[in-house]
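FYI, the numbering just counts along the sequence from 1. Worth knowing before you read on, the calculation uses all heavy atoms, side chains too, and leaves out hydrogens, waters and symmetry mates.
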Amino acid sequence: MTNRIKNEDIIELLKSRAGFVSGAEIADTLGVTRAAVWKKIKLLIKNGYVIGSSPAKGYKLLKSPELSIGEIRKFLSVHSTTIGKEIIFFETVGSTNTAAMEFAAKGYPEGTVVIADAQTGGKGRLGRTWVSPPGRNLYMSIIMKPEIPPRDATVLTFMSAVACTSAIKKLTSVPVSIKWPNDLIVGNKKLGGILTEIRADMDRIITAIIGIGININLETEDMPDDIKTLATSIKLETGESHSRTIFAVEILKEIDKWYDTLIKLGKKTIIEEWLQLSSTIGQTVKVTTGDAVITGIAEGIDSEGMLILKLPDASLKKISAGDLTILRTASS
Ligand code: BTN
């Protein structure tokens with residue numbers, strides 16, 4: 001008899017019954033002691049599961065928390081090829097991207113996902129911080145080991161933006177679009193973002209970490225003052241709370257699908273889909289890149305994800321990174 005018992009095992013067992021399951025039966029089925037069962041039940045309750053208990057009848061699962069790693073694992077084990085076969089969860093972590101890079105260095109396989117309920121050092125693009133309070137949003141990082149050159153790393157970000165946008169469109173009617181290079185926006189407010197970090201040789205990516213932050217149930221009062229007018233969430237857009245479990249599953253399923261597309265069909269297909277979902281192309285935009293501020297019309301993106309701007313003198317300029325503001329839409 002062992003005391004080792006996984007959360008999922010006990011949850012699965014409780015879910016498989018409409019009524020109570022006795023502690024003795026759980027212990028027998030899982031090959032653990034009754035003390036170990038009780039210890040685990042207490043831990044599950046601490047993690048947001050509502051479990052009824054009766055000395056005479058045993059335990060009954062009444063409610064799962066809205067971020068349930070067990071549920072995410074269960075769905076992805078059936079519906080995914082590569083992504084989320086291994087999921088590591090933290091209640092709180094500095095940054096899921098940093099943690100995922102460390103797990104990759106320890107040999108964790110491609111597709112491993114690190115999820116946290118809260119981040120104390122969430123990282124945004126261009127050295128910014130990513131607001132990451134507990135119980136509200138999705139913070140996930142995925143380990144990738146694609147056989148592509150470092151110059152194509154941007155395509156991984158594009159692929160992830162396509163996957164996140166598709167998932168949100170499948171689950172809601174929120175009019176989300178992609179703002180170059182990787183912002184998920186609704187109108188002119190930011191709903192989410194993607195931070196891809198790589199470890200690479202001159203000619204190949206060793207590890208890419210795709211970090212995804214999506215505001216799900218964030219309220220205006222959760223936001224620091226400087227982003228109150230700039231950010232939004234699925235809850236603010238729809239007027240109701242949503243399950244982070246469902247969003248995590250749908251996003252990871254879409255990443256699994258679009259990553260497969262990238263590997264099989266190449267980056268052209270990803271860029272075509274990105275263009276369909278983007279609200280940047282055709283607009284008059286201002287791009288801040290380093291010390292320079294460049295204004296022009298966003299004409300398109302090249303095969304490496306660089307933005308092609310048409311300048312006022314009609315010449316074309318390619319920009320690899322920067323902060324983009326839409327000044328005027330094509331129709332205004
Ligand atoms: C952006 O600036 O638009 C990118 C934001 C990316 C935030 C996510 S949250 C999960 C992962 N961990 C991090 O520290 N950052 C990314």
Side-chain angles (χ1 to χ4, degrees), residues 48 65-68 89-100 114-141 157 160-161 163-165 167-169 171-197 209-248 250-252 277-280 285-288 321-327 329:
E66 58 81 33
L67 180 62
S68 161
F89 175 69
F90 291 95
E91 292 288 343
T92 303
V93 73
S95 154
T96 54
N97 263 33
T98 308
V114 178
I115 304 184
D117 184 52
Q119 298 182 116
T120 51
K123 298 187 282 185
R125 262 187 352 116
L126 308 170
R128 296 186 180 128
T129 54
W130 188 256
V131 175
S132 311
R136 291 282 187 250
N137 301 327
L138 275 179
Y139 318 112
M140 314 194 281
S141 298
T157 309
S160 310
C164 291
T165 308
I168 294 166
K169 280 180 178 292
L171 295 173
T172 70
S173 53
V174 171
V176 56
S177 65
I178 308 170
K179 180 165 78 79
W180 182 87
N182 63 356
D183 286 357
L184 306 185
I185 57 164
V186 182
N188 56 5
K189 290 190 173 178
K190 187 148 166 166
L191 178 71
I194 293 150
L195 177 69
T196 302
E197 297 182 291
I209 304 297
I210 297 175
I212 297 169
I214 312 275
N215 300 335
I216 304 288
N217 294 320
L218 194 70
E219 306 269 11
T220 310
E221 54 266 30
D222 302 323
M223 300 176 192
D225 286 345
D226 58 335
I227 67 162
K228 276 191 181 0
T229 57
L230 306 176
T232 189
S233 70
I234 299 285
K235 181 172 184 182
L236 289 171
E237 294 301 321
T238 60
E240 55 191 4
S241 295
H242 292 262
S243 156
R244 288 182 290 166
T245 302
I246 291 176
F247 275 83
E250 201 59 46
I251 288 168
L252 294 171
L277 297 171
S278 159
S279 51
T280 302
V285 300
K286 179 180 87 176
V287 186
T288 307
D323 227 4
L324 182 144
T325 311
I326 297 175
L327 296 179
T329 61

Run the salt bridge (charged side-chain N to carboxylate O under 4.0 Å, His left out) test against E250 and tell me which residues pass, sequence neighbours left out. K253
d(I115 CD1, L67 CG) to nearest 0.5 Å is 6.5 Å
Between R244 and N137 (side chain of the first, backbone of the second, donor and acceptor by atom type, cut-off under 3.5 Å), is there such a pair? yes
Donor-acceptor contact present, side-chain K190 to main-chain L230, <3.5 Å: no
Would you mind reporting whether V93 and T120 have side-chain heavy atoms less than 4.5 Å apart? no
Is L184 close to I214 at the side-chain level, that is, under 4.5 Å between some pair of heavy atoms? yes
Name all residues meeting the salt bridge (charged side-chain N to carboxylate O under 4.0 Å, His left out) criterion together with D222; count only those two or more places apart in sequence or in a different chain, and write none if there are none. R136
Crowding at CG, D323 (>12 non-hydrogen neighbours, <6.0 Å): yes
With K189, which residues qualify under side chain to side chain contact (heavy atoms under 4.5 Å, CB included), at least two apart? T232
Report, as yes or no, whether the 6.0 Å neighbourhood of atom CG on L171 holds more than 12 heavy atoms from other residues, nucleotides or ligands. yes
Looking at S132 and W130, would you say the former's side chain and the latter's main chain have a donor-acceptor pair under 3.5 Å? yes
With the side chain counted from C-beta on, respond yes when L191 and I168 share a heavy-atom pair under 4.5 Å apart, and no when they do not. yes
Specify the closest pair of heavy atoms between E66 and N217, including all atoms of both residues, with the distance to one decimal. OE1-ND2, 4.2 Å
Residues T280 and K179: closest non-hydrogen pair is OG1-CA, 3.3 Å
Would you check, one step at a time, whether the test side chain to side chain contact (heavy atoms under 4.5 Å, CB included) holds for W180 with V285? CA-CA 10 Å; W180 182 87; V285 300; over 6 Å; no
Which residue pairs satisfy the ring pair (Phe, Tyr, Trp, His ring centres under 6.0 Å) criterion with at least one member in residues 224-247, sequence neighbours excluded? H242-F247
When rounded to the nearest 0.5 Å, the distance separating CD1 of I210 from OG1 of T196 is 5.0 Å
I'd like to know whether NZ of K235 has more than 12 heavy-atom contacts from other residues, nucleotides or ligands below 6.0 angstrom. yes
Between V114 and M140, is any pair of side-chain heavy atoms under 4.5 Å apart? no
Beyond-backbone contact of I251 with L138, side-chain heavy atoms, under 4.5 angstrom: yes
Residues in side chain to side chain contact (heavy atoms under 4.5 Å, CB included) contact with A231, at least two apart in sequence or another chain: N215, M223, I227
Contacts of Y139 meeting ring-ring contact (aromatic ring centres under 6.0 Å, His included) (sequence neighbours excluded), chain-then-number -> none
Please examine the side chains of S141 and I212, heavy atoms only from C-beta on, and report whether any two atoms are closer than 4.5 Å. no
Any chance you could measure I194, atom CD1, to N97, atom CG, to the nearest 0.5 Å? 11.0 Å
T172-T238 side chain donor-acceptor pair, cut-off 3.5 Å: no
What are the two closest heavy atoms between S95 and K123, and how far apart are they? OG-CE, 3.5 Å
Donor on one side chain, acceptor on other, Q119 and T96, under 3.5 Å: yes
Between N182 and R125, a side-chain donor and acceptor under 3.5 Å: yes
Please tell me if the side chains of T220 and L236 come closer than 4.5 Å, counting only heavy atoms from C-beta onward. yes
Any idea which heavy atoms bring S279 and I185 closest together, and the distance? OG-CD1, 3.6 Å
The reported gap from CG in L218 to CD1 in I234 (rounded to nearest 0.5 angstrom) is 11.5 Å
Once you round to the nearest 0.5 Å, how far does OG1 of T165 lie from CG of L277? 5.5 Å
d(S233 OG, E219 CD) to nearest 0.5 Å is 6.5 Å
